[in-house]
Asker: 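Just dropping this structure here.
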Amino acid sequence: MVAHLTVMLMAVVTAVVNATLLDPALPGGWWGVVDLSQHHVIPLSVVASWATLGPAVEVPRARLGLVLVVPLAWFVFVLVRGLVTDSYPYDFIDVAENGWPRVLGIVAVIVVFMFALGSEAAAIDSRRHAV
């Protein structure tokens, strides 16, 4: 199912982006609990669920691009909103600070990484369903 694969990929990419582009140090207090959950526990739980249970329905290769719809829509929303408000949720996509070429390059790397992970996950799912 495309939605299941999209959720898993978004969780994994969130963890990778947190570890590579954001400050991986956990903040204190309740925000530390939220950060730990969002960037570590949830991604690991989603991958563990997929690894043990797998999706109920195989994602055909022709529909694999659909996993990028929600992440791309999020990037477009954040970038347009940032142009209007001059406020971005993360420094690495702050156009005023980094410029369009760098931001679009980072977004492109994230999207390609997500698609590559999705392709591999779909291939693994396909082999599971073939058995």
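Numbering starts at 1 and runs along the sequence shown. This is a predicted model, so every value here is computed, not measured.
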Asker: Of all the heavy-atom pairs spanning Met8 and Ala121, show the shortest one and how long it is.
Answerer: CE-CB, 3.8 Å
Asker: Measure the CG-CE distance between Leu68 and Met10 for me, rounded to the nearest 0.5 Å.
Answerer: 10.5 Å
Asker: For the pair Ser37 (side chain) and Val33 (backbone), establish whether a donor and an acceptor sit closer than 3.5 Å, ignoring hydrogens and angles.
Answerer: no
Asker: Looking only at non-hydrogen atoms, find the nearest pair between Ile93 and Tyr88 and report the distance.
Answerer: O-CD2, 3.2 Å
Asker: Report, as yes or no, whether the 6.0 Å neighbourhood of atom CH2 on Trp30 holds more than 12 heavy atoms from other residues, nucleotides or ligands.
Answerer: no
Asker: Quickly, which of Val109, Val103, Leu104, Ile110 forms a side-chain contact (heavy atoms from CB on, under 4.5 Å) with Ile106? Name it, please.
Answerer: Ile110
Asker: Between Leu79 and Trp100, is the side-chain contact (heavy atoms from CB on, under 4.5 Å) condition met? List the steps.
Answerer: CA-CA 10 Å; Leu79 292 173; Trp100 279 105; 4.1 Å; yes
Asker: Could you check whether any side-chain N or O of Asn98 sits under 3.5 Å from a backbone N or O of Asp91, counting only pairs where one atom can act as donor and the other as acceptor?
Answerer: yes
Asker: Mind checking whether Leu117 and Leu72 sit in one hydrophobic cluster, side chains of I, L, V, M, F, W, Y counted as touching below 4.5 Å?
Answerer: yes
Asker: Once rounded to the nearest 0.5 Å, what's the spacing between atom NE2 of His40 and atom CG of Asn18?
Answerer: 5.0 Å
Asker: When clusters are formed by joining ILVMFWY residues with side-chain heavy atoms under 4.5 Å apart, either directly or through shared neighbours, do Phe77 and Val80 land in the same one?
Answerer: no
Asker: Within the structure provided, determine whether Gln38 and Pro43 are in side-chain contact (heavy-atom separation under 4.5 Å).
Answerer: no
Asker: Quick one: does Thr52's side chain have a donor or acceptor within less than 3.5 Å of a partner on Ala48's backbone?
Answerer: yes
Asker: Indicate the atoms forming the closest heavy-atom contact of Leu64 with Gly118, along with that distance.
Answerer: CD1-O, 3.7 Å
Asker: Per the side-chain contact (heavy atoms from CB on, under 4.5 Å) rule, which among Val70, Thr14, Val67, Val46 passes with Leu9?
Answerer: Val67
Asker: Are any non-hydrogen side-chain atoms of Pro71 and Val111 less than 4.5 angstrom apart?
Answerer: no
Asker: Report the distance from atom OG of Ser119 to atom CG of Leu5, rounding to the nearest 0.5 Å.
Answerer: 9.0 Å
Asker: Are Val76 and Val17 linked, directly or through intermediate hydrophobic residues, by side-chain heavy-atom contacts shorter than 4.5 Å (ILVMFWY only)?
Answerer: no
Asker: Let me check something: do Leu44 and Val12 share a hydrophobic cluster, defined by ILVMFWY side-chain heavy atoms less than 4.5 Å apart, either directly or through other members?
Answerer: no
Asker: Could you identify which residues cluster with Val34, counting Ile, Leu, Val, Met, Phe, Trp and Tyr as linked when any side-chain heavy atoms lie under 4.5 Å apart, either directly or through a chain of such contacts?
Answerer: Trp31
Asker: Walk me through whether Tyr90 and Leu21 qualify under side-chain contact (heavy atoms from CB on, under 4.5 Å).
Answerer: CA-CA 9 Å; Tyr90 301 107; Leu21 296 175; over 6 Å; no
Asker: Going hydrophobic residue to hydrophobic residue with side-chain gaps under 4.5 angstrom, can you get from Ile124 over to Phe113?
Answerer: yes
Asker: Can you tell me how far apart CZ (Phe92) and CD (Glu97) are? Round to the nearest 0.5 Å.
Answerer: 12.0 Å
Asker: Would you say the side chain of Trp50 lies within less than 4.5 Å of the side chain of His4, judging by non-hydrogen atoms?
Answerer: yes
